[in-house]
There are 2 protein chains.
Amino acid sequence: MRETEKHESLFSAIADIQRRKILNILKKGELSVADIKSHFDLSGATLSHHLNILKNAELVRVRRQGQQRIYTLNLSVVEELMLIFNQLFSRI
Amino acid sequence: MRETEKHESLFSAIADIQRRKILNILKKGELSVADIKSHFDLSGATLSHHLNILKNAELVRVRRQGQQRIYTLNLSVVEELMLIFNQLFSRI
DNA sequence: CATTTATTTAGATTATCATCTAATTATCTA
DNA sequence: TAGATAATTAGATGATAATCTAAATAAATG
């Protein structure tokens, strides 16, 4: 399997513990930024930064709902990441 | 599952593309540093640095053989990492 | 035992990244 | 429409991390 820029963005997205925590929280279901924020001791700007990285890696999706933005896990990319990951260590 | 320092070292170990490449190369079998080096355009010092990070994360093992050091994948930790990884996205 | 070979360690440099505060954008509501 | 609320963006700062060259360590060999 070739390493692509997409792989790069996925691996660096999950390299940060706060972002892994966000992914974990989103497993339970979609949440607004404020809801996500309630689990962290981070400024809104920092959280926004992390969400942006997850979004660029397509690990999450966003939609607008009034003033809020609702984040969800992007299951298809999560599955893709699991595949990439399994292949990194396959045939050993 | 709780995130531990061990998880942290594993995720940051695989965050770097050179280190993922090293792991990939080691899938085929154990290799000396010089053998690994032949796959890269990096100084020996830099390679040594990456190998050290992989070793600290216990993703690889080293043994001495004369002047050489032979690196191998540490299969049990690789499996542990796969488990951690699968759990990050389980129950979605 | 002096020299060569294999690898690591030390120390410096540069780039990347997480974080913050302040400012901005967008939406809602009285 | 003015003010409040939700979230992002801009810009700065400090911490990490990747990389290099040079020096050090350790083993092999003539």
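Residue numbers start from 1 in every chain, and the chains themselves are labelled A, B, ... in the order their sequence lines are given, proteins ahead of strands.
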**Study point:** A:R20 atom CZ, neighbour heavy-atom count above 12 within 6.0 Å
**Key:** yes
Exercise for review: Could you check how far NZ of B:K21 sits from P of D:dA18, rounded to whole Å?
Suggested key: 16 Å
Practice item. Determine the sole option in B:L51, B:N52, B:I53 for which the side chain to side chain contact (heavy atoms under 4.5 Å, CB included) test with B:K55 is passed. Key: B:N52
Please enumerate all protein N or O atoms sitting under 3.5 Å from an N or O of nucleotides 24-30 of chain D, with distances to 0.1 Å.
from, atom 1, to, atom 2, distance (Å)
D:dA28, O4', B:Q67, NE2, 3.1

Practice item. Write down the distance between OH (A:Y71) and P (D:dA7), rounded to a whole number of angstrom. Key: 9 Å
Practice item. Mind calculating the distance between CG (A:L31) and P (D:dA7) to the nearest angstrom? Key: 11 Å
Point to revise | Rounded distance in Å - CD1 (B:I17) to C1' (D:dA17) | key: 16 Å
Review point. Is the shortest side-chain N/O distance from B:S43 to OP1 or OP2 of D:dC20 below 4.0 Å?
Key: yes
Revision key, fill the gap. note: A:K55, atom NZ; D:dT9, atom C1'; distance rounded to Å ~ 12 Å
Between the protein and nucleotides 11-16 of chain C, list every N/O to N/O distance that falls short of 3.5 Å.
none

Exercise for review: Indicate yes or no: at least one non-hydrogen side-chain atom of A:L59 is less than 4.5 angstrom from one of A:I14.
Suggested key: yes
Exercise for review: Measure the distance from CD1 on B:I36 to P on C:dT7 and round it to the nearest whole Å.
Suggested key: 9 Å
Review point. A:F40 near the nucleic acid: base, sugar-phosphate alone, or nothing, with a heavy-atom cut-off under 4.0 Å?
Key: nothing
**Study point:** From CA spacing to verdict: side chain to side chain contact (heavy atoms under 4.5 Å, CB included), A:E80, A:E58
**Key:** CA-CA 11 Å; A:E80 189 183 331; A:E58 295 181 72; over 6 Å; no
Review point. Of the candidate nucleotides D:dT9, C:dA18, C:dA6, which contains the atom at the shortest distance from the side chain of A:A45?
Key: D:dT9
Exercise for review: Could you tell me whether B:S32 contacts a base, only the sugar-phosphate backbone, or nothing, with contacts defined as non-hydrogen atoms closer than 4.0 Å?
Suggested key: sugar-phosphate
Check your understanding: Within a strict 4.5 Å, meaning less than it, do heavy atoms of the A:I70 and A:D35 side chains meet?
Key -> no
Point to revise | Rounded interatomic separation in angstrom, taking NE2 from A:H50 and P from D:dA7 | key: 17 Å
Check your understanding: How long is the gap from CD on A:Q68 to CG on A:L31, to the nearest 0.5 Å?
Key -> 10.5 Å
Exercise for review: Could you work out which one of D:dT8, D:dC20, C:dA18 sits closest to the side chain of A:D16?
Suggested key: C:dA18
Point to revise | Side chains of B:I17 and A:F11 in contact at under 4.5 Å (non-hydrogen atoms) | key: no
**Study point:** Residue B:R19, side-chain heavy atoms: nucleotide from D:dA6, D:dA18, C:dA6 that is nearest
**Key:** D:dA18
Revision key, fill the gap. To the nearest angstrom, the CG-P distance between A:L42 and D:dA7 comes to 15 Å
Point to revise | Any B:T46 side-chain nitrogen or oxygen under 4.0 Å from OP1 or OP2 of D:dA18 | key: no
Check your understanding: Would you say the side-chain atoms of A:N24 and A:K21 include a donor-acceptor pair closer than 3.5 Å?
Key -> no
Side-chain donor/acceptor pairs under 3.5 Å, residues 42-49 of chain B, sequence neighbours excluded:
from, atom 1, to, atom 2, distance (Å)
B:S43, OG, B:T46, N, 3.1
B:S43, OG, B:T46, OG1, 3.0

Review point. On DNA chain D, nearest-nucleotide positions of B:S12 versus A:L51: which is more 5'?
Key: A:L51
**Study point:** Side chain B:R19, main chain B:A13, donor-acceptor under 3.5 Å
**Key:** yes
Review point. Considering heavy-atom distances to DNA chain C, does A:G44 or B:I70 have its closest nucleotide positioned more toward the 5' end?
Key: B:I70
Review point. Taking for each residue the nucleotide of DNA chain C with the nearest heavy atom, is it A:I53 or B:H49 whose nucleotide lies nearer the 5' end?
Key: B:H49
